[in-house]
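Structure first, then comments.
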Protein chains: 2
Amino acid sequence: MAYRKTPAEISRLEAARERLIGCATEVVADVGWSQASVNAVADAAGIAAGSVYQHFPSKAALAVEVFRRAAGREVEVLGEVLGGAGDPVERLSRGVDVFARRALENRGLAYALLAAPAEPAVGAERLDFRRRYRALFAEVVREGVAAGQLPPQNAEITAAALTGAIGEVLVDPLAAADENATQQLLADLTAAALRCAGAPTA
Amino acid sequence: MAYRKTPAEISRLEAARERLIGCATEVVADVGWSQASVNAVADAAGIAAGSVYQHFPSKAALAVEVFRRAAGREVEVLGEVLGGAGDPVERLSRGVDVFARRALENRGLAYALLAAPAEPAVGAERLDFRRRYRALFAEVVREGVAAGQLPPQNAEITAAALTGAIGEVLVDPLAAADENATQQLLADLTAAALRCAGAPTA
DNA sequence: TGAAGCTCTGAACCATGGTTCACTTCTTTC
DNA sequence: GAAAGAAGTGAACCATGGTTCAGAGCTTCA
């Protein structure tokens, strides 16, 4: 044996893989899944198309990884806010705000995660993550009901309405560009969400 | 001139075109846009693939026509209910019920219209129709606010939440198969919708 | 430095599925 | 019935874009 991967070499490969995922994420956020060809992604990462296949067995596998990383971050952040400090209604309010704010800050990515046309493998992953978003919202709604802050209700449906509303706001260039309009939009959205869960209006 | 289309021939062609659209709609409802190849659709209609191009210049044009017909029917029905008799809150309640009920009755088609992966031309059409659904809901919410039945709110966002909630319920096999569960689901969904718009709970 | 084995390249390859077209079949008119 | 012309056929064509692979260039180790 005249060659063995040295630790440095291993971490270099690992870094290349991470870089590829990062660049692919940017491309997807920019132009959507359908336009993110292997060549486009490889170009963005500064490698040849063939080299992609050293890190992933197929384009679909790369796409799924990109999706999981990005969606995983959102689930994590949302989970921390919804499961954090404060009473259930406060947490719900902050959760909606954080979810929507992050989405508006990176619309391209949010659109890719929530709604953009994608290959079946990504579609399946998306269903799974939407279920997770819903489960997180549903849990805090249930806590609110248990604490007597919210009226009895089907928490799953309320949760669906919340993700649905946020999704709709993003799909379409509904939110204006300037800061004031964005603030207003977030306030209106949060108000609708609280009403939807049955929280007394402020 | 030894040949001229006779009226009977013209209506036969028209009928063939309608039949093609109908069969294509069924195929799409059954297997989704991505699996609805020209061959599959032509087979379903009992004609050759090439014959499709006598009625439509491209597959995309056929797909758009299929979408418009089906989505147009839904918009029309929803519009009639929301713009019909009764006070705004009653109409909103019935509108949500009708929209969701029709969707649950033909899930495949509803999924195709609201969420299934589709080619860009259909995606653009979908955005347009989602805007129409929202506009219809928003109008009745505005009327409710004007009538003092609903609190002041951003009607567009409430409308987005309504379509979003219904969409979420459909995307996922959330609704159970039996009749009782469906009734309960519709009741819960309507309740969430009314809360979302700020109507006093029953 | 040389041998061995790996990474990287990018042009060729190939699968998929929409589209075309030479040909057949049917309809109309004389 | 025959000519003219449209509708209908389906196999061949072609564009797109994911995947492969033979060779070039590196890295490791003796």
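In what follows, chains carry the letters A, B, and so on, assigned in the order in which the sequence lines appear, proteins first and then strands, with residues in each chain numbered from 1. The shown structure was predicted, so the numbers you read here are calculated from the model rather than taken from an experiment.
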query: Please give, in whole Å, the distance from C:dT7 P to A:Leu13 CG?
result: 6 Å

Side-chain N,O (B:Arg12) to OP1/OP2 (D:dG8) below 4.0 Å: yes

message: Which residues pass the side-chain hydrogen bond (donor to acceptor under 3.5 Å, both in side chains) test with A:Asp87, not counting sequence neighbours?
response: A:Gln149

query: For residues 39-61 of chain B, which residue pairs qualify under side-chain hydrogen bond (donor to acceptor under 3.5 Å, both in side chains), counting only residues two or more places apart or in two chains?
result: none

Extract from the structure each pairing of a protein N or O with an N or O of nucleotides 15-19 of chain C at less than 3.5 Å, listing the distance.
unit_1	atom_1	unit_2	atom_2	d
C:dG18	OP1	B:Lys59	NZ	2.8
C:dG18	OP2	B:Val38	N	3.0
C:dT19	OP2	B:Tyr53	OH	2.5
C:dT19	OP2	B:Lys59	N	2.7
C:dT19	O5'	B:Tyr53	OH	3.3

statement: Those residues at least two apart in sequence (or on a different chain) that pass side-chain hydrogen bond (donor to acceptor under 3.5 Å, both in side chains) with A:Arg94 are none

task: Ignoring backbone atoms, establish whether B:Gln54 has a side-chain N or O less than 4.0 Å from OP1 or OP2 of D:dA6.
output: no

- prompt: Roughly how many Å is it from CZ in B:Arg17 to C1' in D:dA7, rounded to a whole number?
  reply: 16 Å

task: Go through the steps for A:Asp188 and A:Gln184 under the test side chain to side chain donor-acceptor pair (under 3.5 Å), then give the verdict.
output: CA-CA 6 Å; A:Asp188 287 340; A:Gln184 188 58 48; 3.1 Å; yes

- request: Please list, chain by chain and in numerical order, all residues satisfying ring pair (Phe, Tyr, Trp, His ring centres under 6.0 Å) with A:Phe129, sequence neighbours excluded.
  value: A:Phe67

field: side-chain hydrogen bond (donor to acceptor under 3.5 Å, both in side chains) against B:Arg91, all qualifying residues, sequence neighbours excluded
entry: B:Glu143

- prompt: Expressed in angstrom and rounded to an integer, what is the separation of B:Leu20 atom CG from D:dA7 atom P?
  reply: 15 Å

